[in-house]
Participant: 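Before I ask anything, here is the structure I am working with.
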Amino acid sequence: MSCCTPDGSCSTGAATGPRTATGTAGVTTVYEVSGMTCGHCEATLIREIGALDGVLAVDVDLETGRVAVTTADRPDDALLAEVVDDAGYELTGRAA
């Protein structure tokens, strides 16, 4: 369940910035995620996706509804979808 109220306001505190790994090469994949409306949503996805093995960086763009995930190898789309769903959002697919 999302932290946000039906009117799109956040029910909790502020977000933290994107998790990044400097100087690390990897595979960046951009996903479409629905249900993100605030900084807490951003922070939640950065924390939850960033905790997965092999994830080097996570960047959330609330305005476009996109999440860029940099991984050491090919990403596991099913696992990412499960983590996003468990966090209260919906991964609707890879961005075109």
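In this chain, residues are counted from 1 in sequence order. For the numbers below, each heavy atom of this structure counts, side chains included, while hydrogens, waters and symmetry mates do not.
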Participant: Partners of D76 by side chain to side chain donor-acceptor pair (under 3.5 Å), sequence neighbours excluded?
Facilitator: none
Participant: Give, for atom CG of L62 and atom OG1 of T37, the distance between the pair rounded to the nearest 0.5 Å.
Facilitator: 7.5 Å
Participant: Taking side chain as C-beta onward, heavy atoms only, is T44 less than 4.5 Å from Y89?
Facilitator: yes
Participant: Can you name the closest pair of heavy atoms from L45 and V60 and give their distance?
Facilitator: CB-CG2, 4.2 Å
Participant: When you check the gap from the basic side-chain N to the acidic O, do E32 and R66 get nearer than 4.0 Å?
Facilitator: yes
Participant: For residues S34 and T92, report the shortest heavy-atom separation together with the two atoms involved.
Facilitator: OG-CG2, 4.0 Å
Participant: By the definition side chain to side chain contact (heavy atoms under 4.5 Å, CB included), identify the one residue from L56, V58, V55 that meets it with T71.
Facilitator: V55
Participant: Using side-chain heavy atoms (C-beta onward) and a distance below 4.5 Å, is P75 in contact with L80?
Facilitator: yes
Participant: Which residue pairs pass the salt bridge (Lys or Arg N to Asp or Glu O under 4.0 Å) test with at least one member in residues 45-57, sequence neighbours excluded?
Facilitator: none
Participant: Identify the two heavy atoms, one from C41 and one from G35, that lie closest to each other, and give their separation to 0.1 Å.
Facilitator: SG-O, 4.2 Å
Participant: Under a 4.5 Å side-chain heavy-atom rule over Ile, Leu, Val, Met, Phe, Trp and Tyr, are V30 and L79 clustered together?
Facilitator: no
Participant: Please test V84 against Y31 for side-chain contact (heavy atoms from CB on, under 4.5 Å), starting from the C-alpha separation and ending with a verdict.
Facilitator: CA-CA 11 Å; V84 169; Y31 298 93; over 6 Å; no
